[in-house]
Structures are given as C-alpha cells and as structure tokens.
Colleague: 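Here it is, the structure in full.
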2 protein chains.
Amino acid sequence: MQGEQSSRTVQSVQTTIDIVEHLREVGEAGVTDLAAALDHSKGTIHSHLATLLENEYVVRNGDRYGLSLKFLDFGEYVKSQLEIYDVVVEELDDLAAETGEVAQFATEEHGRAVYLYKAHGNQAVNTASSVSKREYIHCISLGKAMLAQFPEERVDEIVDRHGLPAKTSNTITERDELAAELQEIRERGYAVDDEEMIEGIRCVAAPITNDGVVGAISISGPSSRMAGERFEETLPSKLLRSANVIEINAKFS
Amino acid sequence: MQGEQSSRTVQSVQTTIDIVEHLREVGEAGVTDLAAALDHSKGTIHSHLATLLENEYVVRNGDRYGLSLKFLDFGEYVKSQLEIYDVVVEELDDLAAETGEVAQFATEEHGRAVYLYKAHGNQAVNTASSVSKREYIHCISLGKAMLAQFPEERVDEIVDRHGLPAKTSNTITERDELAAELQEIRERGYAVDDEEMIEGIRCVAAPITNDGVVGAISISGPSSRMAGERFEETLPSKLLRSANVIEINAKFS
DNA sequence: AATAATTGTTTGCAAGGGCCGAACGCTCTC
DNA sequence: GAGAGCGTTCGGCCCTTGCAAACAATTATT
C-alpha cells in the first residue's frame, strides 16, 4: 500500500536532479545560467556540478556544462534489461514490412506509456512518437491495451495521477467511459484507437503478457487505409499472431 | 586551467550516485541490500530512493528497486545532440556492407573512447564492443586516431589520468612510443591497430573533425583478412572517403 | 590601452538538513 | 503464532550544505 506522497526526501539530491533536468532541456548551460534558472547561489551550483563532473555525468566545454554519454550507457542498459526486446524488434520489422504501416512497441512506467521501438513500413506516415518518448496512456491503443490487463485499482491510481486530458474530440475523458472501453478490449482481445490521439490516425494494439503485462505492440496508419475488413480482421489477426510469437519466445528464454 | 581534483562536492549527492551505480550493476535491489552494500543506514537509503522515485529515475517492483526508462530518454537525448550521428550511421552501414567487416564510430569523453555505433558486414566477427561501451583510448585505432588530433597537453592529461595499461603484447605502454605513433598517424592520415587490443584483430581508423575532433570511424576484422594491399590501400581509402563524406555533411547542417 | 562588467571559483560562517539508530508495522516462514 | 526478515517512520545530534562576499580570470566597453 505504498502512498505516492510525503516520504522524506533529500533536498540536495533534488537540486542536483533539477540541474540535470535543466541541462536536458537547454542542452548546455553555465554556472550563472543555472543559478538564475533554479534560484540557487552560484557556489551551490558549482559544488553540485563538481560532484556530477567527478562522476562523469556531465562534461564541460570551456565554461559550459552538458550531459555526458554516461546517460547513454545507462539507457542502453535499462533497455537491455527487457529480455524480450530483441524478439519484439524482429516481429515489428516483419509487421511493418508486411503491412507497410508503422509498427510500435511500448511499455508502461509511472502511469505513462513509453515508446521503445518503432518500425517503418514503406507507406508509413510519420507521427511524433519516437524511442523513449512518454505519452498519456489513455489515448493511445498501446496504452489502453495495457490498461485493460491491469487490476482496477491500478487503473484508478493512474487516472488519479494523470487525469484523462483530451487530445482530440474522440479522446476518452470520463472514467466510466474508460472502464467500458477496457471491458470491450478484454472481450475483443485487442485495443483500438480511433483518432483519439491524433486526428486522422487509427491504430490497433495487442498486449504482451508474461507473468504480468510487459508491454504492448501496435500498428498505426491513416484512417483512410485503416478501415473495413483490413482494420477489423486482417491487421488485428496479424498483430495477435505477432504478440503470440513474442510471448512464446519470452516464456522460453 | 581546471584542476581535476579537490573542488568541494556534495556528499549526499554522491550517495545517491552510488545508489544509482549500484543498481546499474546488480539490476535491482532492496533497501537493506543497498544499505549493506554502500555502508549507510536503511533510513538514509530509503530517503534517497524516495527522492529518486518521486523524480521517476527509479521504479519499484514490490520491494525491489531498479533503474527506470527515464535513463533511456536521457540517453537518446544525449545521442541526438551529436548532429552527425545520422550521417555516420548511413556511411558505416555502407562500409560494413562493402567490406563485409565490422565498422564502428566512437567519440572521446573523460579521456576514454565511447563506442556509439556498430555496423556488421556479412563476414563480421563479433568483438566485445557495443554501443555506449567505454574503452581505453590508447589501445584501439579509433582512440589513437582521435588522440593524434589533440594538442600535446591534452594527450598528457589523458595519459596521466588513465595510464597506458597493456591489453596484449602489442599494446603501446610507453609515452614516447605513443608520441611517435601519433606523429606517424598524423603523417599517414589514419590510424592502425595491430592486435593491440585483442589478439587476432586488426583495425584501421580515421578521425572525424569539424572545428575540433568529434569522433572517429573504423573498420576491424581478423588479421588474416586485414593484410596486404587490402589493409594498406583499399580499406584506408574507403575509410577516408567515408570520413570525408561525414565531415562535409556535418559542415552544412 | 585601461577600465568595467561578466564569468567561474573559493572560502568563512551560520543554520538547516542529512544521517544514524531505534522503534514500528508488515509479510512471510517455520 | 512466534520469530525473522523486510521496508518505513521519527527524534535528535552533528555535520555539511548553502549563502554571501571576496577573488581570479576572461571578455566587453570606453
């Protein structure tokens, strides 16, 4: 029953985190910039940067500081912890090639969907998603496919935390509407996004489970092509087959 | 004249860093594990983890903590800051396809070489290198190609910091030997690794400069194939042509 | 050229906060 | 149901962090 709030935290660590996130936003900055932006003295910022520099989380070009490639190392490591990643890549490349559309993989973290891989078919349209991008979970098919597998309390927690902001006129913005949709997804076996995130884009998505939800895969494309039998039969069945292949691989590795 | 030592640092930030790096090593751990491993009280570890959790740098499965995908986001960001990355990928894929060997890209950070991309040709042999891996700079062709472009003081700094540890019997372990080699590289225009890092593997590498050194690219393979005219003419010229393409692209973007 | 204005760096000092240790609640095991 | 393990909470002491102001070093201005 971990309450999400009010544990005792370490303030000086928080300022270091603020520094790192500011650098993530602006690319690079000097001591004075950071001191002004984060409302600390120059001396304070300096000693924090010295700590980060000593541990190589930060590099300096002259008098400007930026994030180091150590973050890349950590990122690659975190990705490699997902054992299913390699199989997913293989299957999504196949799906994208067969369908010509965009095929994606995402997982859930802290109540958001995180895109982890994107394969482009030869007719693929570009959307804003990209590796490591975070997105609200209720308005994309990938997210709903995962939500449908979660226990009710967990869904409630996530909605409490992030709300149900509208992205288009089709976005689900009410809790009971969401609950009904999730029920439908469970019955149907896959999730659908009917222009709920981006106007003109429809998606289908299937969850990947392996002793709990590990993520979801999806196919997305323009509504004109995502219609009729293709949208209701062909693509879902391809998708479910791929999800199945991934799950079987995961089970025996 | 930034001395590398003795600036005032923030100790509590250091413990958070220790926690993060420990998690990077063991994958996941509980409060008690961390307290024992890092020699702190459980309470201390707890408040640090709470800070990390609140900022989403860490996830918890039950009572075990692990690094979150936020590191992936930061890693991707840092990679994207290297504007030349996309061109490099394209050129290395070509090089690997043409030659059948392994083609790689690395840059320098904190006196070490950091691999950033690896393309496999159809005869490629597997080496231990991989994206974000750090390696000593003096014993690989990529590293020497970069060192040869640095001012003498910078080379000295790096050697002071990391030394010249031997990896094979061919590794350069003396400063004057290194200086002579770097001079030769400057005259020749590219660097060579003759089994100095791994027995049986030879490489050629060329620096990528754009208002300073941004990295280096290399081709590596088994010594049996990396010999004669191919090693001394064909591969170096292909490599230099690719380096040139990359530099021109970098200049106009 | 000389001076002014910025920058990053250092340091003394005071107060605020981090760390420990012990106690608590919880969940599993035996 | 008692024990051992875990994560969590909390009071209080002491250390350390953070500020402000002075310093150094570079750049802009006159």
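In what follows, every chain begins at residue 1, and chains take the letters A, B, ... in the order their sequences are listed.
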Colleague: Any non-hydrogen side-chain atom of Val214(A) less than 4.5 Å from a side-chain atom of Thr209(A)?
Modeller: no
Colleague: Whether Arg134(A) engages the ring of Tyr115(A) as a cation-pi pair (distance to the six-membered ring centre under 6.0 angstrom, angle to the ring normal within 45°) should be assessed.
Modeller: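 No, cation not above the ring by the 6.0 Å, 45° rule.
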Colleague: Take Arg24(B) and Asp73(A) through the salt bridge (Lys or Arg N to Asp or Glu O under 4.0 Å) test and state the conclusion after the steps.
Modeller: CA-CA 10 Å; Arg24(B) 156 69 228 250; Asp73(A) 177 54; 2.7 Å; yes
Colleague: Mind calculating the distance between CG (Asn61(B)) and C1' (dC6(D)) to the nearest angstrom?
Modeller: 16 Å
Colleague: Within this structure, what is the CG-to-C1' distance between Asp63(B) and dT8(D), rounded to whole angstrom?
Modeller: 10 Å
Colleague: The criterion is ring pair (Phe, Tyr, Trp, His ring centres under 6.0 Å); which residues satisfy it with Phe71(B), sequence neighbours excluded?
Modeller: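 Result, ring pair (Phe, Tyr, Trp, His ring centres under 6.0 Å) vs Phe71(B): Phe74(A), Tyr57(B).
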Colleague: Angle, rounded to 10°, between the helical axes spanning five pairs at each terminus of the helix from dA1(C)-dT30(D) to dC30(C)-dG1(D)?
Modeller: 40°
Colleague: Could I get the full list of side-chain hydrogen bond (donor to acceptor under 3.5 Å, both in side chains) partners for Ser129(B), not counting sequence neighbours?
Modeller: Gln104(B), Lys118(B), Thr127(B)
Colleague: Testing Glu184(A), Glu177(A), Glu181(A) for salt bridge (charged side-chain N to carboxylate O under 4.0 Å, His left out) with Lys144(A), which one passes?
Modeller: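 It is Glu181(A), the one option of Glu184(A), Glu177(A), Glu181(A) that forms the salt bridge (charged side-chain N to carboxylate O under 4.0 Å, His left out) with Lys144(A).
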Colleague: Distance from His46(A) atom NE2 to Leu53(A) atom CG, nearest 0.5 Å?
Modeller: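 Answer rounded to 0.5 Å: 9.5 Å.
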Colleague: Using a distance-only test with no angle check, is there a side-chain donor-acceptor pair under 3.5 angstrom linking Ser41(A) and Thr44(A)?
Modeller: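 Distance-only check passes for Ser41(A) and Thr44(A).
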Colleague: Using distance alone, with no hydrogens and no angle criterion, decide if Asn55(B) and Gln14(A) have a side-chain donor and acceptor under 3.5 Å apart.
Modeller: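 Yes, because at least one side-chain N or O of Asn55(B) sits under 3.5 Å from a partner of the opposite role on Gln14(A).
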Colleague: Scan nucleotides 12-30 of chain C nucleotide by nucleotide, 5' to 3', and note B when protein non-hydrogen atoms come under 4.0 Å of the base, S if they reach only the sugar-phosphate, - if neither.
Modeller: B----SSBB----------
Colleague: Among side-chain atoms of Ser68(B) and His110(A), is any donor-acceptor pair under 3.5 angstrom?
Modeller: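 No, no side-chain donor-acceptor contact under 3.5 Å.
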Colleague: What is the separation between atom CD1 on Ile19(B) and atom P on dG7(D), rounded to the nearest whole Å?
Modeller: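 Taking CD1 of Ile19(B) and P of dG7(D), I get 13 Å after rounding.
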Colleague: Find the distance Tyr65(B):OH to dC6(D):P and express it as a whole number of Å.
Modeller: 14 Å
Colleague: Using the side-chain contact (heavy atoms from CB on, under 4.5 Å) criterion, which residues pair with Ala145(B)? Sequence neighbours excluded.
Modeller: Ala191(B), Ala205(B), Pro207(B), Ala216(B)
Colleague: Look at His46(B) and dT8(D) and indicate whether a side-chain polar atom (N or O) is within less than 4.0 Å of OP1 or OP2.
Modeller: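 Yes.
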Colleague: For residues 25-37 of chain B, which residues have at least one heavy atom under 4.0 Å from DNA chain C?
Modeller: none
